[in-house]
Number of protein chains: 2
Amino acid sequence: MARPPSVQDDELYDRLAEVFRTTGYEGASLGALAESTGLKRASLYHRFPDGKAQMAEAVMGRVERLFQDLLEPMRTDPDPRTGVMRTAERISAFYGGGLLSCVLDTLPLSGAPEGVRRRAAQVAEVWISAMADVARRGGRSPEDARAAAEDAFAWAEGGLVYGRLFDDGAPFRRALARLPELLLG
Amino acid sequence: MARPPSVQDDELYDRLAEVFRTTGYEGASLGALAESTGLKRASLYHRFPDGKAQMAEAVMGRVERLFQDLLEPMRTDPDPRTGVMRTAERISAFYGGGLLSCVLDTLPLSGAPEGVRRRAAQVAEVWISAMADVARRGGRSPEDARAAAEDAFAWAEGGLVYGRLFDDGAPFRRALARLPELLLG
DNA sequence: GTCTATAAAGAGATAGAC
DNA sequence: GTCTATCTCTTTATAGAC
């Protein structure tokens, strides 16, 4: 049985994520990952025998677990609109009000191993399908709900692209502020 | 052994752009740039004595010139709505219907020189302010026009993020299809 | 588990022949 | 203008001490 992820591990993953997030997969050198975590390169290899690819996949696993928490209100609040608003708040905070890059954007560039790219798509799918689900519960057809969820994802991710270019999180925050209307009409 | 003749400048920039676009700045190795252009590494240094940073800036200059052409209908068509639709068509084609990554997203990650990041923001600003201009001509207040243009940029860029993750350009194309409504109400 | 040391390959960049 | 050859530094990865 696999060892459950410890808090210690999560802290490590968060520091690795910080590097991958800002530099992408190929830009994230072992040296930078080691410095960010406070471990030496050889120690990282002890934790991740398959090297950088395994570190990136572990980071994607961590992000997926974090998203499960961010998405919880949207999934469980009896009122869809309230749930969407609460999740939007959490997501906005998670991305530093729109000033942090998203690992789903920066990590899966060409050069990243296929497994990393697949994991990134998986996490994005978790997010998008949770939005589509709440849109359906709000009364939209499955097709409309999925399209609205994709649009919401795109708007938010693009807001983060804008944020990185101009150091301004306003477009990202507008996207999240309009999430209820976008998903529920 | 005689080599095939060197490519023209714009052709050269396009081949460099292809590498930067898909891999980001740090992921774009001199070897990959040389292979993509058909030149040897030393020949690239003859054209760009300052190396990779200068190549990336030249690519941004090329992209800016390309955008001037993409944006021309939106700027000059007497009917704002027709102009926006024509520019949207051109932009959609430029990005392969939503399946190509955008250099404005992938190039300015951490690790890219400050000059490259500045150039990327400059090109994005050209695009966004052209959209804000047409929105104003369509009757919106300067503040609304700017915000709508930023939102349109974000939606489109995020559509490309989705396209890269899922190999599906539909969200990007939806964003462009809604450009008239987004900018002109 | 973490470290130092080091190997092996790849990176950016330069010199000089043609 | 393009090439081959080379330099130097960085990067990934491994070996082995503690």
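What you see is a predicted model, and the numbers here were worked out from it, not measured in a lab. Chain A is the first sequence line, chain B the second, and so forth, proteins listed ahead of strands; every chain is numbered from 1.
- One can place CG of A:L33 at 11 Å from P of D:dA13, the figure rounded to the nearest angstrom.
- Ring orientation note: the planes of A:F20 and A:Y25 are close to parallel, at an angle under 30° on the 30°/60° scale.
- Separating the NZ atom of A:K40 from the C1' atom of C:dC3 is a distance of 8 Å, rounded to the nearest angstrom.
- For A:S43, the side-chain atoms get nearest to C:dT2 when compared with the rest of C:dT2, D:dT14, C:dT14.
- Proximity of B:L12 to B:L39: side-chain heavy atoms (C-beta onward) are separated by under 4.5 Å at one or more points.
- The interatomic distance linking A:L30 (CG) with C:dA11 (P) rounds to 15 Å, in whole Å.
- As a whole-Å value, the separation of B:E26 CD from D:dC9 P is 19 Å.
- One atom, CG of B:L44, and another, P of C:dG12, lie 11 Å apart when rounded to the nearest Å.
- The separation between B:F48 atom CZ and C:dG12 atom P is 14 Å, rounded to whole Å.
- A:Y45 has its OH atom 16 Å from the C1' atom of C:dC3, to the nearest Å.
- The A:H46 side chain lies nearest to C:dG1 when the options are D:dT2, C:dG1, C:dT4.
- Using a 4.0 Å heavy-atom criterion, one finds that A:A28 contacts the sugar-phosphate atoms exclusively.
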*I would like to know whether B:Q54 and B:R47 meet side chain to side chain donor-acceptor pair (under 3.5 Å); could you show each step before the answer?*
CA-CA 9 Å; B:Q54 192 178 0; B:R47 311 272 197 112; over 6 Å; no
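- Comparing D:dG1, C:dC3, D:dT12 by their closest approach to the side chain of A:R41 singles out D:dT12.
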*asked:* Let's go through B:Y95 and B:F172 carefully: what are the C-alpha distance in whole Å and the side-chain angles of both, what is the deciding distance for ring-ring contact (aromatic ring centres under 6.0 Å, His included) to 0.1 Å, and is it a yes or a no?
replied: CA-CA 9 Å; B:Y95 285 107; B:F172 173 79; 5.7 Å; yes
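- For the pair B:A42 and B:K52, nearest-nucleotide mapping onto DNA chain C gives the more 5' position to B:K52.
- The distance from atom CG of B:L12 to atom P of D:dG1 is 12 Å, rounded to the nearest whole Å.
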